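Since the model is a prediction, treat every value here as computed from it, not as a measurement.
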Amino acid sequence: MYGAVGPDTFDCSGLTQYIFKNALNKTLPRTAQTQYNAFDHVSHSNVKPGDLVFFSYNGGATIDHVGIVVSGDNQMIDAQDRGVIKESYMASYWKPYIAGYAHVTDLD
């Protein structure tokens, strides 16, 4: 649900903001676009759990969705109309829209 910041309902960037604040006491900007702009980007080969994966539905003109990488096998968690789910960001319905990845913090 757009604009939802939890803890019962989230939009995508509300979920990332909530998780980083509550798990790591790290404050993220509010929207997917401002989160994309705020952090250093990494290549897919350098993505690790805790990084953000961003999606654009208009060729990169805007960032429209964000998820949190949760495993080395291309899995993310993200908030959608179906709730918070774990899924592959390399699935055929996500992969074409990947706009980039960002390293938020050193979780190692």
Side-chain angles (χ1 to χ4, degrees):
M1 177 182 301
Y2 184 76
V5 295
D8 297 321
T9 305
F10 295 99
D11 69 4
C12 63
S13 58
L15 175 66
T16 56
Q17 189 180 49
Y18 182 88
I19 288 175
F20 277 89
K21 181 64 177 171
N22 287 282
L24 300 170
N25 200 31
K26 178 147 181 91
T27 302
L28 271 60
R30 174 61 191 99
T31 68
Q33 181 72 60
T34 56
Q35 290 176 12
Y36 180 84
N37 295 343
F39 300 106
D40 292 333
H41 295 199
V42 297
S43 66
H44 179 258
S45 62
N46 291 321
V47 169
K48 60 184 181 178
D51 289 346
L52 299 178
V53 55
F54 296 95
F55 302 89
S56 174
Y57 305 132
N58 54 23
T62 60
I63 300 300
D64 304 300
H65 191 68
V66 60
I68 302 172
V69 176
V70 293
S71 70
D73 61 346
N74 302 320
Q75 296 292 304
M76 70 172 175
I77 57 169
D78 64 318
Q80 304 178 11
D81 292 340
R82 299 179 287 159
V84 176
I85 60 173
K86 180 180 175 185
E87 61 185 334
S88 174
Y89 57 84
M90 295 303 277
S92 61
Y93 50 88
W94 282 120
K95 187 176 179 179
Y97 302 108
I98 294 173
Y101 309 89
H103 185 69
V104 177
T105 189
D106 190 359
L107 298 178
D108 294 337

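Within 6.0 Å of the NZ atom in Lys21, the count of heavy atoms belonging to other residues, nucleotides or ligands exceeds 12. Sparse packing is recorded around CG of Asp40, with 12 or fewer heavy atoms of other residues, nucleotides or ligands lying under 6.0 Å away. Under a cut-off of 6.0 angstrom, the local environment of OH in Tyr97 is sparse, with at most 12 non-hydrogen atoms contributed by other residues, nucleotides or ligands.
At a threshold of 4.5 Å between non-hydrogen side-chain atoms, the residues Asp64 and Asn58 count as touching. With a 4.5 Å cut-off on side-chain heavy atoms, Val69 and Ile77 do not count as touching. Side-chain contact between Ile85 and Asp78 is present, with heavy atoms from C-beta onward closer than 4.5 Å. Taking 4.5 Å as the limit, some side-chain heavy atom of Val42 sits within range of a side-chain heavy atom of Val47. Within the 4.5 Å cutoff, the side chain of Leu52 has heavy atoms near those of the Leu28 side chain.
Annotation: the span from Asn46 atom CG to His103 atom NE2 amounts to 10.0 Å, rounded to 0.5 Å. Atom CE of Met76 and atom OG of Ser71 lie 11.0 Å apart (nearest 0.5 Å). The distance from atom CD of Gln80 to atom CD of Glu87, rounded to the nearest 0.5 Å, is 4.5 Å. Between the CE atom in Met90 and the NZ atom in Lys95 there is a gap of 4.0 Å [rounded to 0.5 Å]. The structure places OG of Ser13 at 15.5 Å from OH of Tyr36, a figure rounded to the nearest 0.5 Å.
Taking all atoms of both residues into account, the shortest heavy-atom contact from Gln75 to Ser88 is NE2-CB, 3.6 Å. Nearest heavy atom pair, residue Gly60 against residue Ser56, reads N-OG, 2.8 Å. Closest approach of Ala32 and Cys12 over heavy atoms only: CB-SG, 4.5 Å.
Taking the six-membered ring where the residue is Trp, the centroids of His41 and Tyr101 are separated by 6.0 Å or more.
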*Under the side chain to side chain donor-acceptor pair (under 3.5 Å) criterion, do Asn74 and Tyr89 qualify, and how do the steps go?*
CA-CA 6 Å; Asn74 302 320; Tyr89 57 84; 3.3 Å; yes

_Step-by-step side-chain contact (heavy atoms from CB on, under 4.5 Å) determination, Val70 to Lys86_ = CA-CA 8 Å; Val70 293; Lys86 180 180 175 185; 4.0 Å; yes

*Which is it for Phe55 and Ile98 under the side-chain contact (heavy atoms from CB on, under 4.5 Å) test, yes or no, and what are the steps along the way?*
CA-CA 4 Å; Phe55 302 89; Ile98 294 173; 3.6 Å; yes

_Asp51 and Ile68: CA distance, side-chain angles, deciding distance, side-chain contact (heavy atoms from CB on, under 4.5 Å) verdict_ = CA-CA 6 Å; Asp51 289 346; Ile68 302 172; over 6 Å; no

*Given side chain to side chain donor-acceptor pair (under 3.5 Å), test Thr62 with Gln33 step by step and report yes or no.*
CA-CA 7 Å; Thr62 60; Gln33 181 72 60; 5.2 Å; no

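Inspection of the Gln35 and Asn37 side chains reveals no N or O donor paired with an N or O acceptor under 3.5 Å.
Grouping the Ile, Leu, Val, Met, Phe, Trp and Tyr side chains by contacts below 4.5 angstrom, directly or via other members, places Tyr18 with Phe39. Both Phe54 and Val84 belong to a single network of hydrophobic side chains, linked directly or stepwise wherever heavy atoms of I, L, V, M, F, W or Y lie under 4.5 Å apart.
Looking only at distances, no side-chain donor or acceptor of Thr34 sits under 3.5 Å from a matching main-chain atom of Pro29.
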